[in-house]
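The structure under discussion appears below in the form of structure tokens.
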Amino acid sequence: MPVCVFSEGAGPGAQVPAHLTRIPIALITTSTDCSNKTVKGKVVKKCPLVSLASDNVILKTVIQEEDSPPNSSSQSPSINVILFGALAKDFNQTVNQGDVVVASGFTVGKSPTVHKDKLHPCNLLLSGDDACIYVTLLPPPLLDPRSPPAAKRSSALSAEVSRATKAPKYTYVRLGDLKPGTVVNVYGVVVFFKQPFKSRGTDFCSSLKITDQSNQKIGCTIFCQLEDHPKIFQIGDIIRFHRVKTQSFNNSITLVTSFGFSVLVFDGAEGGSMEPRTSSRSFHIDQEDRQTVEELRSWAAKQALVPPVPTIPLSAVSPKAYFDLTCQLLAKAPIDTTCTLLRVWDGTRCPHTLLNVIVERNVTEGPTSFSQERESLIANILVYDNHTEFARQLKPGDFLRIYNLRAIPGSSKVPGLTSSQSEEVDHLAFHLHGGTAYGRGIRVLPENSPAVQELKRVMEAFPEDDKDELNDSEMLDIWSTPPEFLEAGAVECSTERSCGHDTQLVTLSEVKRSDPGRVHHVRVQLRSYEPRRLHQALKLYCSKCTSMQDVPDDELVAGLFSEAFKDSGPCSPPPWAVSGRVNAPGDSPGSPKRTLSVHMSTQLMSEDKSKELIFLMGSTLEETRRLAAGYRNIVPVMSSAGHLALLDLLAPFLFRGRKTYYGCKRCSEAAVREPSCAEGVEMIDEKIIAQALGVQLLQFVLLMNLQLQDATDTLDVFLWRDAEAFFGVLAEDVAANQEAQNIIHQTMDSLCPAEGSTGGHPWMDLCLTAYRAEDDEEQNQTYYQICHSTVTKPFSAQSNANPA
DNA sequence: GTTTAGGGTTCG
């Protein structure tokens with residue numbers, strides 16, 4: 001029973017078994033006795049499921065303790081968890097980021113990524129029949145900034161029960177069949193809704209109207225605490241009420257919340273997410289619920305209930321119109337007691353001149369000024385009366401939907417401070433008038449909502465606003481040295497070209513205007529680069545299928561080793577091998593020594609080259625790394641169906657000192673074979689071994705994206721094929737040693753210092769090639785790559801690094 | 001197992 005789901009509704013049943021006791025993450029060590037222990041935490045990271053050649057799968061996740069027990073530290077510790085096989089598959093399907101899980105039946109290993117991720121020094125390994133994950137499905141992030149902290153909900157687990165047990169059956173009444181004076185459960189499609197507002201009583205009140213296949217439109221009034229109100233984002237959303245009472249009002253039936261009321265809201269789009277929006281600490285949805293939602297979705301799609309364009313981007317607003325706007329808040333400022341200014345953008349440019357509002361700097365929350373580029377995209381929204389109270393809770397960066405916003409053309413008086421613009425100028429002002437008519441109001445959208453995802457995609461087209469352009473002295477820096485007027489050599493450059501091209505210096509804007517397939521010489525500064533973390537720039541490249549992949553995470557590789565170790569049954573060595581055992585390198589001198597089985601080529605033994613190459617079985621990743629110091633070549637192997645086999649090719653197939661070598665899964669036909677070491681070959685290297693094993697060797701490469709700048713433009717270029725020459729280091733060395741990594745860090749730091757403006761960055765002489773990607777005909781995009789260029793003065797920062 | 005509200009544009 002690998003993954004056990006807890007949710008609402010059932011009687012006493014499968015809880016986390018009582019004989020299991022929970023241990024705090026902080027107290028886990030490799031010597032912890034894990035039997036009958038559990039670890040509980042919220043899933044803060046869920047990596048993709050990775051398939052292994054051996055018909056197995058592996059998945060890495062990170063869980064964080066939310067409510068550290070009293071005897072643990074006050075921080076919230078996180079730990080890596082590696083899942084194998086069916087458990088990994090189930091977890092992948094069932095569990096989402098944000099869910100709270102309880103793990104049992106795990107073993108504790110040393111986390112090989114502790115230095116990189118700074119998480120717990122151990123990891124939890126879950127595989128086999130004993131391993132189990134209990135999960136409490138949690139709703140997506142709550143929308144209301146005043147929603148209760150997660151800790152409040154985290155104790156729910158013990159009160160909840162497994163989906164496997166029988167849940168009480170809910171019956172849902174069609175809206176056409178409602179009778180007054182009853183308490184019912186209903187489903188409906190939202191056709192109108194209003195944001196909650198404070199009632200004169202103890203609760204917040206919101207009203208909405210829903211419909212279903214019976215075509216009745218039923219008004220609903222909700223009274224409850226703010227966070228429990230239905231999280232409706234737009235007309236068309238689907239709502240499920242439990243325990244609402246029917247009332248007769250004005251000759252029609254209305255629904256009102258009654259005791260024990262609960263509500264879920266689903267996206268109304270056909271094929272949309274089935275994850276309900278709710279603050280409910282426990283709820284239950286089953287296959288029937290999903291079917292009801294899908295039926296309502298497809299019915300509604302044919303009814304024209306949903307406005308064709310639910311929200312309008314700034315680029316499409318028309319004067320005088322009311323519209324809904326999905327946007328990001330950049331800054332806000334109170335104007336007076338009845339009015340607040342919200343500065344927002346949505347990544348589109350409004351064709352009308354927008355109202356310019358001037359406010360004092362010291363009352364603004366968020367940046368007081370933006371680059372000219374960004375400023376031209378910003379809409380100033382004035383929100384009045386009841387909405388100012390809600391606006392107070394908003395934070396710059398929040399994603400918002402503003403309902404029933406009005407675009408007012410012509411002159412507008414702004415209370416308090418006057419606009420700098422002439423009242424004669426034709427411009428648009430955005431007002432969110434007081435009151436709640438037509439659902440007028442503001443809602444914070446969660447990051448994971450489709451609307452926000454789409455918004456972010458549009459916004460990504462704009463560079464980060466680092467305000468370089470704002471600062472006059474910085475501008476001067478850039479403009480005072482326009483490269484097109486420079487004599488070659490007049491400016492000190494940090495790089496030099498080694499190509500033989502006879503080409504004049506050109507500006508970046510000229511480069512952009514040129515056709516692809518050409519070579520350009522430019523003099524530029526480095527504005528920014530990606531990735532900022534070196535290990536993300538390191539890739540594995542297959543020269544055969546030209547695919548590029550990330551270097552597998554240590555945690556995953558360590559998992560592969562421990563799986564291989566577990567699976568290793570009896571195994572007959574190949575006829576060409578001699579078998580023996582070596583001591584596993586242990587770190588605690590007192591602990592009993594484990595021995596590992598090794599296989600060596602008889603021929604190499606006879607040539608007295610026994611240390612040249614060993615096939616090592618049953619070692620951990622860490623042990624393999626340690627043993628690699630004493631043997632020239634180590635090939636980790638496992639037992640598969642009684643024979644020696646290589647590990648999954650996601651793991652390195654070869655260890656040579658501090659270097660590791662990987663094979664291409666697609667292009668290799670790997671098997672354990674004896675390297676035919678031709679006579680006269682002095683050294684067995686990775687190529688010989690790869691060839692013998694049928695492994696297509698992957699090559700370490702560096703891949704970075706650099707944003708260049710000169711006085712005329714900016715340009716994104718790749719540094720890849722000539723990256724090693726550029727830095728003067730081998731990617732293979734970067735993967736293996738700190739010194740090579742330091743060279744790259746120092747080079748990038750000197751070309752693009754963290755402090756100061758781009759205008760102060762050193763100039764670079766570069767050779768660029770412009771090309772179209774072969775498989776990218778549709779996009780027709782031109783790419784640029786730095787070639788034949790080398791950094792000459794990488795360490796200018798070191799010159800003053802010697803204080804007396 | 002109580003109360004609240006019961007949609008329908010705009011002062012700015």
Side-chain angles (χ1 to χ4, degrees), chain A residues 178 180-184 188 190-211 217-226 228-230 232 234-235 239 242-262 305 307 312 317-325 333-342 355-359 380-388 391 402-419 421 423 427-442:
Chain A
L178 294 172
T182 55
V183 173
V184 293
V190 175
V191 293
F192 167 79
F193 67 105
K194 214 178 227 199
Q195 300 303 325
F197 56 94
K198 188 92 187 70
S199 76
R200 282 173 225 252
T202 57
D203 294 322
F204 277 77
C205 173
S206 68
S207 52
L208 59 138
K209 200 166 261 181
I210 59 174
T211 189
K217 291 198 172 55
I218 301 293
C220 314
T221 307
I222 317 289
F223 294 109
C224 60
Q225 291 308 298
L226 188 55
D228 297 327
H229 277 263
I232 303 168
Q234 62 187 14
I235 288 169
I239 199 160
H242 281 176
R243 293 169 289 266
V244 284
K245 61 179 179 237
T246 54
Q247 279 182 355
S248 206
F249 180 76
N250 281 348
N251 294 327
S252 53
I253 293 221
T254 57
L255 294 170
V256 187
T257 47
S258 82
F259 184 74
F261 142 87
S262 78
L305 299 170
I312 301 275
V317 296
S318 20
K320 292 187 185 167
Y322 289 93
F323 66 106
D324 295 350
L325 177 69
I335 301 287
D336 64 23
T337 52
T338 65
C339 181
T340 298
L341 169 69
L342 301 181
L355 174 74
N356 187 10
V357 184
I358 298 172
V359 291
N380 290 310
I381 296 177
L382 296 165
V383 309
Y384 288 96
D385 303 340
N386 52 320
H387 308 300
T388 59
I402 304 178
Y403 300 92
N404 199 237
L405 189 58
R406 191 170 189 212
I408 300 179
S411 65
S412 302
K413 281 255 193 284
V414 177
L417 291 151
T418 49
S419 159
Q421 290 167 319
E423 294 194 3
H427 65 257
L428 273 190
F430 295 107
H431 287 218
L432 187 67
H433 293 299
T436 61
Y438 280 86
R440 191 177 303 141
I442 304 175

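Lettering follows sequence order; numbering is per chain, from 1.
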Side-chain contact test, heavy atoms from C-beta onward, threshold under 4.5 Å: evaluate it for A/L405 versus A/V317 and give yes or no.
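In short, these two side chains do not touch, never coming nearer than 4.5 Å.
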The criterion is side-chain contact (heavy atoms from CB on, under 4.5 Å); which residues satisfy it with A/T388, sequence neighbours excluded?
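side-chain contact (heavy atoms from CB on, under 4.5 Å) check on A/T388 returns A/T340, A/V383.
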Would you please name every residue forming a side-chain contact (heavy atoms from CB on, under 4.5 Å) with A/K198, sequence neighbours left out?
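In terms of side-chain contact (heavy atoms from CB on, under 4.5 Å), with neighbours along the sequence ignored, A/K198 is linked to A/F204.
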Specify the glycosidic conformation (syn or anti) of B/dG7, with syn defined as within 90° of 0.
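Anti conformation here, the glycosidic angle of B/dG7 being more than 90° from 0.
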Any residue meeting ring pair (Phe, Tyr, Trp, His ring centres under 6.0 Å) with A/F223, in chain and number order, not counting sequence neighbours:
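Counting only residues at least two positions away or on another chain, A/F223 forms no ring pair (Phe, Tyr, Trp, His ring centres under 6.0 Å).
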Remember a base hit wins even if backbone is also touched, and classify A/G434 as base, sugar-phosphate or nothing at under 4.0 Å, heavy atoms.
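Touches a base.
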Whole-Å distance separating the CG atom of A/L355 from the P atom of B/dG12
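Those two atoms, CG and P, are 14 Å apart.
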Over how many whole Å does the gap from A/I381 atom CD1 to B/dG12 atom C1' extend?
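The distance from CD1 of A/I381 to C1' of B/dG12 comes to 15 Å, rounded to the nearest Å.
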Going by the rule side-chain hydrogen bond (donor to acceptor under 3.5 Å, both in side chains), which residues pair with A/T246 if we only count those two or more places apart in sequence or in a different chain?
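A/T246: side-chain hydrogen bond (donor to acceptor under 3.5 Å, both in side chains) contacts with A/T182.
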Identify, with sequence neighbours excluded, every residue that meets side-chain hydrogen bond (donor to acceptor under 3.5 Å, both in side chains) alongside A/T436.
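Partners of A/T436 under the side-chain hydrogen bond (donor to acceptor under 3.5 Å, both in side chains) test: A/K194.
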B/S/- along nucleotides 2-9 of chain B (protein heavy atoms under 4.0 Å) is -BBBBBBB
